[in-house]
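Below, each value reflects all heavy atoms present in this structure, side chains not excepted, and no hydrogens, waters or symmetry copies. Convention: sequence-line order gives letters A, B, ...; per-chain numbering from 1.
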Amino acid sequence: MSEPTPNDNQQRLIESTEGIYRVDAGAGTGKTFAITRRYAHILESTDATPDDILLVTFTRNAAREMRERIVQQTDYDLRELQGAPISTFHAYCFRLLRRYGHTVPETLGIDDQIPDSIDLIEEPVREKQLFQRFMSTFADEHPEYADMLRMFRDPATLHTLIGELAAKGVIPTRDGWFRSSDAPLEGDREAFFETVADANSPGEGASGPTNSDARAAVGGWDASEYAPDSPSKAEVHDDPQVDRGVIERAYDEDRTALRTFVHDVYYEYLTFALRNNYLTQGLMLALAFVMLCDRPQVREQDAHEYVMVDEFQDTNELQFKIALLLAITNNLCVVGDWKQSIYGFQHTSVENITAFDDRLQRFTRELNADRTRIAYPVDSVTTIPLYENYRSSSSILAFAEQSLSIPATYSEDIDDPLAGERSLAATNHVDNAQIDAYQAPNEHELLLDRIQMVVDNDDYAVEVTDEPQPDPGATTAQQEAAERERLGAPSYGDIAVFTRTRAFAREFLTVVDEYGVPVAYDGGVELFDTPEAKLALAWLRIAESNARRGWAVVLERAGYSFDDTETILDTEAYPDAMVQFREELAAIDTLGGFLRRVFDRYGRTSAYADALVDHLTSLYENSTLTRGEAIQYIEANLDAGTTVDIETSPGEDAVTLQTIHGAKGLEYPIVILANLNDRAFPHYGQPPACPIIYDDELGLRQTRAYSEAGDYPHVYQHWPTKLLQSIQPSTYDEERRLLYVAMTRAKRHLLFTSGDDPSRFMDGLSIDAIELEPTPEPVTVARESTAPFVTTIPDSSTVPRRLSVHDIMDDSVYDERNGGRGTDFGTELHDFAEAYALDEPVEPSNDDERAVATLIDDLDGKLIPEEPALLPLPGEPQVTLAGIIDLVHVTDDSVEIIDYKTDPDRLAHDEYRTQLSVYYHVLASVYPDRPIQATVFYTQTATPVTIDPVSIDALDRLSRSRHA
DNA sequence: GGTAGTCCCATTTTT
DNA sequence: TGGGACTACC
């Protein structure tokens, strides 16, 4: 596909390579295109090499996409860019730290070094477990903090606070704070009292002044919640305001002890982590920052001539400073859109972009306080707005803009958020947008009803053909006509349903199942709450300790009644087949093998099973979980509701269902924003579980305090913090930005739904909701039954039996056929082939892999590696053959199956013919309109051999004879 | 316009 | 358990 021509501001950005730039890149304005073009331009117009250009993104996916786009636009190929610094903040800093930072902890007064083998923890559960362990030792070792610790219901909640402080750049040393980084703990007194001036000024009523907002907020002041010496209601109230003296007393209370406590926890946790050879992401970035501050030689070796940071609205203060340190010249370019900042709960700071200039000056001053670190000039910043939107129709853009000023509560006051900002301008010509809101007591049915209303409806026309490039000289009218030409009625795949919470999506999915509407959920799944996880947990418990709890689950699944189960458990007379299976499992060495055997036995080949095995076996780089640890791990994750991303089956024409967060960066022809219900969206935040809070205006504060001042020792609410907090107005800016993000995903049409209790956002839309009696129709599309679930042990003949294709092959022929090169050789080759087909940056490491690479290079259609295949056989009892196709190559007029074999000869070819025949029949049913070809590719000789498939009946007979 | 009492609900997710 | 929005009442 040819690249479009940049618009004026994109062109300006591409060519402006020297100096500091802040790019306001609104939704759908071709940001990635412009950045990668700019990258290419730097390479072309200067003598810089990829190593001189640092390109930082927020996610791994984004980094990968950038890399791929750059390959398209430069002479460099993926391999040459492999080592180039196009990376996430975390990955880049971790690499630097491991390369140069072994002794960095010394700078903070810590003896432990950072070894190469240090573990970077990504799973919140593990992080939390380790922190819990730390806190219990901390409590033991510090009796002097007993009172402080009494205010905690769960001391592990301090963990979040530490992460927040690290994101601020607050870093402890043994005796104090790194480079006076504790300043934010004090708070911003001036800013707070500006807030107070606003919130505490009386209103003007008809008959004189009315109570200020702050006074209203502390109206119900109840001194009995607080320690006995706290101010009374009368002292706090100074109608119509809050007593200024009391506010100051609260703000200026002595917080020395609190600060010391937090310092010690933070510092000792850092020590604990290093001693136990791990780091969290937050601590890792903090140490990388310390290294960059303290070791000029690291910057000399590794800082960059050009630095670009993408998604700058999702960075925190620490990352801003790290970016400054990674640049050696002022060729710095940050790209982002404050309106899409929705990760505040991850301690990001939208002010990095909204107050970019101020922060740039301030952070530079701070970094240069003791010696010059930022030697380049920072006083001139050029702002380039990208406002031409290539995604949505103009009515959608105009409609989305209002979302930023819809109040989230009945009393919220919003200043014009877009003051002075240029609106996005649509670039398409046909505006056929349908924008409507719907409401019904049963929102799930309503959603299905609306989906069915939209599908195949010409009023909701969307682009249905690939866009032919318009004649460059075409008139507007001609372009409009060409665009109209491309429009047609939508199908399921054109629709996305967004929700604020995952819970809503999950509930909706159960209703979806009842009606059979094709809806695919895209996002994290509570993996440890699936039947697969519970099954795995049960057998692990049985194998580990013959646990009653495990047996109960297994027996229940096998169909035993409650009473039978009780009897069996009491007598320990477990069914023979199960006992045998237990012994078989006990003999398996590896956790991965153990789990696979369990899932095989139950015929569980779902994505959940795969994900579980992957997850549990890849937790540690250098060691594996024992069974006991695996049990604990699953339990902890089940408890914590951990979610894991599962790959959804692509290709099906289905509605996409995801959370708004998950939809960021994506676009859909038709968006249905669901869940606009009271308290769901906008979501009214839950109070922080940790009694110690940090706030930019207030600094470090405690919300509870232990005191023995009253009749008996007691944990009280801490009045100063409560007073200050209630004076601060609550803000819902991020909820509005979420609304904005959701709406700007839509290209053509936008629908809203709510249940019987619509939220403020629903009310605030400039359209009225239509009340509807939903009448969704059950869909009776014959859907192939996926993953037959064999619930019983021992085998039952009433359910389809699943056989692996290998079960019906004669393995005596093909065992040891790889020429003594070891089974790993084949596995590695397959891994390589999969990665290569997916265009991942891998290089062939031997002749066989080179042969595969050449083969794949010659394929010009769609490549689908590692595709699961299921073939139901006709005979009785029912049997389904299952296997995985190495590679499917699909073009418009043909489909090719490719299976790699590392055998030195073709002795096993007949067996492979059987195997590929299975795949052949599966694909023949999926693509009835295209000829199918099945090829065994012998990698050692780079020879493709096409097979002549055997019939389904022959496969059926074979499977029954070989597996009676 | 102000207040007290009632009610409802307890995220989002990347590294 | 806690907090905030909202309602019903003064």
Side-chain angles (χ1 to χ4, degrees), chain A residues 56-63 87-95 120-124 127 153-154 163 166-167 202-213 215-222 225 233 237 239-240 279-285 288 311 314-316 318-319 341-348 407-412 498-506 523-525 641-645 658-665 675 677-689 691 703-704 715 717 722 725-726 729-730 732 734-735 737-738 741-742 757 759-760:
Chain A
V56 193
T57 62
F58 188 56
T59 67
R60 290 176 219 193
N61 278 343
S87 174
T88 63
F89 254 110
H90 292 87
Y92 184 77
C93 289
F94 189 43
R95 216 183 68 192
L120 190 59
I121 297 196
E122 292 185 21
E123 301 78 27
E127 214 173 303
R153 211 158 284 133
D154 174 12
E204 282 174 41
S207 53
T210 60
N211 282 356
S212 72
D213 292 344
R215 168 65 182 76
V218 300
W221 187 262
D222 181 358
E225 293 173 17
K233 194 171 189 165
H237 289 188
D239 292 335
L279 282 174
T280 65
Q281 306 275 9
L283 295 179
M284 186 277 292
L285 280 188
E311 305 280 13
D314 291 329
T315 54
N316 60 40
L318 185 66
Q319 288 165 324
S341 167
I342 54 174
Y343 284 100
F345 63 92
Q346 290 286 23
H347 317 307
T348 65
T409 70
Y410 76 107
S411 59
E412 206 184 17
F498 297 157
T499 76
R500 176 68 180 84
T501 62
R502 231 172 336 104
F504 182 91
R506 208 169 38 224
V525 165
T642 302
T643 60
V644 174
D645 270 338
Q658 58 193 166
T659 63
I660 301 172
H661 284 92
K664 188 167 176 214
N675 199 204
N677 298 316
D678 191 36
R679 284 158 204 275
F681 189 26
H683 193 271
Y684 302 129
Q686 164 196 30
T703 61
R704 289 200 283 265
V715 175
Q717 302 288 321
K722 293 287 170 180
Q725 282 186 315
S726 55
S730 48
Y732 293 92
E734 191 157 309
E735 293 294 308
R737 294 196 293 262
L738 270 160
V741 167
D757 198 3
S759 75
R760 300 259 134 207

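- With rounding to the nearest 0.5 Å, the separation of CE in Met284(A) from CD1 in Ile121(A) is 12.5 Å.
- When all heavy atoms of Ala166(A) and Gly282(A) are compared, the pair lying nearest together is CB-O, 4.0 Å.
- Contact annotation: Tyr732(A) side-chain N/O to dA5(C) OP1/OP2 distance is under 4.0 Å.
- Here Gln725(A) contributes atom CD and Thr703(A) contributes atom OG1; the two are 6.5 Å apart, rounded to the nearest 0.5 Å.
- Between the C1' atom of dG4(C) and the CD atom of Gln725(A) lies a distance of 13 Å, rounded to the nearest Å.
- With values rounded to the nearest 0.5 angstrom, Phe681(A) atom CZ is found 8.5 Å from Asn675(A) atom CG.
- When the nucleotides dG3(C), dT11(B), dG2(C) are ranked by their closest atom to the side chain of Arg500(A), dT11(B) comes out on top.
- As judged by a 4.0 angstrom heavy-atom cut-off over every strand, Lys664(A) is placed among residues making no nucleic acid contact.
- Atom-to-atom distance recorded for Ser87(A):OG and Arg60(A):CZ is 10.0 Å, nearest 0.5 angstrom.
- The CG-P distance, from Asp222(A) to dG2(C), rounds to 13 Å in whole Å.
- In this structure, Arg704(A) does not pair ionically with Glu225(A), as no charged nitrogen and carboxylate oxygen lie closer than 4.0 Å.
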Between the protein and nucleotides 2-4 of chain B, list every N/O to N/O distance that falls short of 3.5 Å.
| from | atom 1 | to | atom 2 | distance (Å) |
| --- | --- | --- | --- | --- |
| dG2(B) | OP1 | Asn211(A) | N | 2.7 |
| dT3(B) | OP1 | Arg215(A) | NH2 | 3.0 |
| dT3(B) | OP2 | Asn211(A) | ND2 | 3.4 |

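- Between the side chain of Asn316(A) and the main chain of Gln319(A), a donor-acceptor pair closer than 3.5 Å is present.
- The distance from atom CD1 of Ile342(A) to atom P of dT12(B) is 13 Å, rounded to the nearest whole Å.
- For Arg679(A) and dT7(C), the CZ to P distance is 10 Å, given to the nearest whole Å.
- Dashed line: the shortest gap from a side-chain N or O of Arg760(A) to OP1 or OP2 of dC6(C) is under 4.0 Å.
- Remark: P of dT12(B) and CD of Glu734(A) are 13 Å apart, rounded to the nearest angstrom.
- No salt bridge links Glu734(A) with Arg500(A); every basic N to acidic carboxylate O contact stays at or beyond 4.0 Å.
- Nearest heavy atoms, Glu412(A) versus Ser730(A): OE2-O, 4.1 Å.
- Residues Glu127(A) and Thr280(A) approach most closely at CG-CG2, 3.5 Å, considering heavy atoms.
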Using the 3.5 Å cut-off, write out each protein N or O paired with an N or O of nucleotides 8-10 of chain C and the distance between them.
none

Check against ring-ring contact (aromatic ring centres under 6.0 Å, His included), Tyr343(A) and His661(A): CA-CA 8 Å; Tyr343(A) 284 100; His661(A) 284 92; 5.5 Å; yes
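- Here dT1(C) presents its P atom at 14 Å from CD of Glu225(A), a figure rounded to the nearest Å.
- The pair Asp222(A)-Lys722(A) does not meet the salt-bridge criterion, since no charged nitrogen lies less than 4.0 angstrom from a carboxylate oxygen.
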Pull out every protein N or O sitting under 3.5 Å from an N or O of nucleotides 13-15 of chain B, one pair per line with the distance.
| from | atom 1 | to | atom 2 | distance (Å) |
| --- | --- | --- | --- | --- |
| dT13(B) | OP1 | Thr659(A) | OG1 | 2.5 |
| dT13(B) | OP2 | Arg502(A) | NE | 3.3 |
| dT13(B) | O2 | Gln346(A) | NE2 | 2.1 |
| dT14(B) | N3 | Gln346(A) | NE2 | 2.4 |
| dT14(B) | O4 | Gln346(A) | NE2 | 2.7 |
| dT15(B) | OP1 | Arg60(A) | N | 2.6 |
| dT15(B) | O3' | Thr88(A) | OG1 | 3.4 |

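- Projected onto DNA chain C by closest heavy-atom contact, Thr703(A) and Asp678(A) fall at different nucleotides, the more 5' of which corresponds to Thr703(A).
- The nearest whole Å value for the distance from the CG atom in Asn675(A) to the P atom in dT12(B) is 10 Å.
- Nearest to the side chain of Thr409(A), among dG2(C), dC6(C), dT11(B), sits dC6(C).
- One interatomic measurement links the two molecules: NE2 of His683(A) to P of dC8(B), which rounds to 16 Å at whole-angstrom precision.
- Across dT12(B) and dG2(C), the matching P atoms stand 23 Å from one another, rounded to whole Å.
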